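Quick notes on the structure that follows.
The figures here come from the full heavy-atom set of this structure, side chains too, leaving out hydrogens, waters and symmetry mates. Order of the sequence lines fixes the chain letters, A, B, ..., with proteins taken first and strands second; residue numbering starts at 1 for each chain. All figures in this text were calculated on a predicted structure; none of them were measured in a lab.
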Amino acid sequence: MRYSQFGLTTLKEVPAEAEIVSHQLMLRAGLIRRLSSGLFTWMPIGLRVLRKVEAVVREEMDRAGALELLMPAVQPAELWQESGRWDKYGDLLLRIRDRHDRDFCFGPTHEEVITDIARRELRSYKQLPLNWYQIQTKFRDEIRPRFGVMRSREFIMKDAYSFDLDEDGLRESYAKMHAAYSAIFTRLGLKFRIVDADSGEIGGSRSQEFHVLADSGEDAIAYCDDDNYASNIETAATERPPGDRPAAVESLEKITTPGVRTIEALCESLGISAAQTLKTLIVNGDDGPVALVLRGDHELNAVKAQKIPGVASPLTMADPATVRQVTGAEPGFAGPIGLQVPVLYDHATAAISDFVVGANEVDAGDPTPGGSGTLSIARGIEVGHIFQLGTNYSEALGAKVLDSDGKERVMEMGCYGIGITRIVAAAIEQNHDDSGIIWPDPLTPFNVVIVPINLQRSDAVRTASEEIHEELRNAGLEVLFDDRDARPGVKFADAELIGIPHRLVVSERGLANGELEYRHRRDEESRNLKREEALTLLIDSGIT
RNA sequence: CGGGGCAUGGCGCAGUCUGGUAGCGCAUCUGCUUUGGGAGCAGAGGGUCGGCGGUUCGAAUCCGUCUGCCCCGACCA
């Protein structure tokens, strides 16, 4: 591709609307342009990346035996009423009315449609197991779209739905998708974690999320490299539990928990449930710090908390130094015992006894965060989610098959999503430097960029550049040939901004020695290589 | 939806408080020079200052109203 004919415009300055680095770089490198809040156009260079993601996903889904289909983006209200979600889904659902006053929605997900297909198409257990998937544009009317394509309203998702005769089958289908997802994110060159998640409103028994690790991630996840433990840090708010507090049966006892800073880790190491612990949060109050004590499996509700007299509004957490001063311990080991500041207990704590709390002590042997064998907290971007749905939808819509005994059985369903558009942003969050994007090979819009020096004046450079362009293309590489009449600095800067992994500089100086200058986007220095050596390096590098 | 902010040429901004013929940088176009890290000189084009209404001799500027966008929160692939 000739740069002069590619219509690519890059931005030198950072657009004011972009908060996080991936959003900034996607705008600057010309991958996307915003149309309206949460709506983006994928420009040619961005679309190339998007297609790469799709291709990998498609290949691995096909390999796992899933079958691609394409469902309508617009769905009739009746199906959603049948599943009960027309009323339950809320404002996230974009509702549309047609000229006959019939209600539709722009699909935010496709459980209803696929279940409808299944009940029409599937009659016998012999047709199972079956896994249908599609790569589709979804719409969720997000309350607050932000971070560019990371949380947009319109987005592209790969969603798959498995159908099995029984739970064993479902577990097998689920395991296959688990493996396929791992393969996909590995192939895309992304650092990711699989975390146990709450299955949320969709329901079902088992659910795991695939998170690409990035500081800007919206979810906090706790993980341990040693035992593959990982979990999303999630929340639930409750009413005051009924009944009286059971009498304590154990006496106060001090337990040492080196390196254990989170409730999850605590429960794991002690073999208890989070509901049997209390956590103590130090927040800023109107007159100095205040301690808030919650049940360990609960999350602080900031809106409620800041309405409490004495608690500063808006709610802010005390900084680590204050926590140390108030509790005499590192953050993570705070407890309500013996504190000299006001201590407020959430009503849910009133109903439990024999609980575990922080003792405001620090263990000398605390390993550093991220050290091997200890729990770490990272931020992650959720790019995939797999669920064992069970019979929620098949039951509601009556999706049944006959088993080998000729009896009707409601099918067991699983559903499996991957945020295609979000992956592009996540990949950039993980792969960039001060100059711009650094594409992993599987995602890059072009494998190699040719930067000729003095193209307009040097016949030697022009001839050589054209030949190299041709040769690399014939070898199956995607080549961006920067044939613009621009100064070298401009071309270098753009090549780095848009993140092409391999760069070849063609200059008179080099050609005189039969050499090209090669530099990988991650390299500090460039290398002068004999022309054939350079081309062979690219062609043989397996980047096609 | 609650709280905060912004809206001036394609992008980034000044001008608004204190009303008086709209400006800067980048980008774009033309010519000449230049060509290994975002060139120089000369010239050019491009803005009903988000919309509507009001105050005023006069409004980007003051008042009202609507719309859009961004940030914080609940929600979420």
Got a donor-acceptor pair under 3.5 Å from the side chain of Arg503(A) to the base of G36(B)? no
Complementary nucleotide for C62(B) - Watson-Crick or wobble, under 3.5 Å: G54(B)
For the residue pair His502(A) and His520(A), categorise the inter-ring angle as parallel (less than 30°), tilted (30 to 60°) or perpendicular (more than 60°). perpendicular
Rounded to whole Å, CD of Glu525(A) lies from P of G37(B) at a distance of 14 Å
Which base sits across from G36(B) as a Watson-Crick or G-U pair, both distances under 3.5 Å? none
Base paired to A7(B) (Watson-Crick or G-U; both N/O distances under 3.5 angstrom): U67(B)
Under a 4.0 Å heavy-atom cut-off, which of residues 31-54 of chain A touch RNA chain B? Arg34(A), Ser36(A), Ser37(A)
Expressed as a whole number of angstroms, how long is the span from His23(A):NE2 to C71(B):C1'? 13 Å
Angle between ring planes, Phe185(A) versus Phe192(A), binned at 30° and 60°: parallel, tilted or perpendicular? tilted
If U30(B) has a Watson-Crick or G-U wobble mate with both distances under 3.5 Å, name it; if not, just say none. A42(B)
Could you measure the distance from the CD atom of Glu525(A) to the CD atom of Glu517(A)? Nearest 0.5 Å is fine. 10.0 Å
So NZ of Lys530(A) and CG of Asn513(A): to nearest 0.5 Å the spacing works out to 6.0 Å
Quantified in whole Å, what is the C1' atom distance between nucleotide A27(B) and nucleotide G38(B)? 12 Å
Hey, are the side chains of Leu504(A) and Leu538(A) touching, using non-hydrogen atoms and a 4.5 Å cut-off? yes
Across the strands shown, which category fits Asp494(A) at heavy-atom distances under 4.0 angstrom: base, sugar-phosphate, nothing? base
Any sub-3.5 Å donor-acceptor pair from Arg527(A)'s side-chain atoms to Tyr518(A)'s backbone N or O? no
Categorize Ser152(A) for me: base, sugar-phosphate, or nothing, with a 4.0 angstrom heavy-atom threshold over every strand shown. base
Side-chain touch Asp91(A)/Asp141(A), heavy atoms, less than 4.5 angstrom: no
For the ring pair Tyr181(A) and His385(A), is the centre-to-centre distance below 6.0 Å? no
Under 4.0 Å from any atom of RNA chain B, heavy atoms only: list the residues of residues 451-461 of chain A that qualify, in numerical order. Ile453(A), Asn454(A), Arg457(A)
Nearest whole Å is fine: how far is G38(B) P from Asp485(A) CG? 16 Å
Expressed as a whole number of Å, how far does the P atom of U16(B) sit from that of U21(B)? 14 Å
C1(B) to G19(B) separation - P atoms, rounded to the nearest Å: 37 Å
Can you check the Arg487(A) CZ to G40(B) P distance for me, whole Å? 8 Å
Under a 3.5 Å distance rule, please check whether His110(A) uses its side chain to pair with a backbone N or O of Pro72(A) as donor and acceptor. yes
Minimum side-chain heavy-atom gap Phe147(A)-Arg422(A) below 4.5 Å: no
Distance in angstrom units between Arg484(A) CZ and G38(B) C1', rounded: 10 Å
Contacting residues from residues 504-518 of chain A, given that a heavy atom lies under 4.0 angstrom of RNA chain B: Val505(A), Ser507(A), Arg509(A), Glu517(A)
How does protein reach along nucleotides 3-16 of chain B, written 5' to 3' as B (base within reach of a heavy atom under 4.0 Å), S (only sugar-phosphate), or - (no contact)? --------BSS---
Looking only at heavy atoms, what is the nearest atom pair of Leu170(A) and Met413(A), with distance? CD1-O, 3.5 Å
Close aromatic pair by centroid cut-off 6.0 Å: Phe163(A) and Trp132(A): yes
Give a yes-or-no answer on whether the side chains of Tyr161(A) and Asp159(A) include a donor-acceptor pair shorter than 3.5 Å. yes
To the nearest Å, how far apart are Asp91(A) CG and C1(B) P? 9 Å
What's the gap between U28(B) and G73(B) when it is taken at their C1' atoms, as a whole Å value? 42 Å
Please report the distance separating the P of C70(B) from the corresponding atom of C11(B), rounded so that it comes out in whole Å. 14 Å
Go nucleotide by nucleotide along RNA chain B from the 5' end; which of Phe155(A) and Val490(A) gets its closest nucleotide reached first? Val490(A)
Gap separating the CD1 atom of Ile96(A) from the CZ atom of Phe104(A), nearest 0.5 angstrom: 8.5 Å
Distance between C1' atoms of C29(B) and U67(B) (Å, rounded): 34 Å
For C24(B), what is the paired nucleotide under Watson-Crick or G-U wobble rules, both distances under 3.5 Å? G12(B)
To the nearest Å, give me how far apart CD (Glu209(A)) and C1' (A77(B)) are. 9 Å
Measure up the Tyr174(A) and Tyr416(A) rings against each other and bin them: parallel (under 30°), tilted (30 to 60°), perpendicular (over 60°). tilted
Among G37(B), A77(B), A39(B), the one nearest Phe492(A) by side-chain distance: G37(B)
With both distances under 3.5 Å as the test, what is the Watson-Crick or G-U wobble partner of G2(B)? C72(B)
Any idea which heavy atoms bring Asp482(A) and Pro452(A) closest together, and the distance? O-CD, 3.1 Å
Roughly how many Å is it from CG in Leu92(A) to P in C75(B), rounded to a whole number? 12 Å
Steps toward side-chain hydrogen bond (donor to acceptor under 3.5 Å, both in side chains) verdict (Arg95(A), Tyr89(A)): CA-CA 11 Å; Arg95(A) 294 153 210 262; Tyr89(A) 212 85; over 6 Å; no
Please report the distance separating the P of G12(B) from the corresponding atom of A7(B), rounded so that it comes out in whole Å. 12 Å
Closest to side chain of Lys12(A), choosing from A77(B), A27(B), A39(B): A27(B)
With sequence neighbours left out, the residues meeting side-chain hydrogen bond (donor to acceptor under 3.5 Å, both in side chains) with Ser36(A) are none
Take atom P in C71(B) and the same atom in G31(B), then report the distance between them in whole Å. 43 Å
Using heavy atoms and a sub-4.0 Å distance, could you list which residues of residues 132-150 of chain A are near RNA chain B? By number, please. Arg140(A), Glu142(A), Ile143(A), Arg144(A), Arg146(A)
Chi angles and distances behind the salt bridge (Lys or Arg N to Asp or Glu O under 4.0 Å) call for Arg519(A), Glu524(A): CA-CA 8 Å; Arg519(A) 171 137 92 106; Glu524(A) 293 287 324; over 6 Å; no
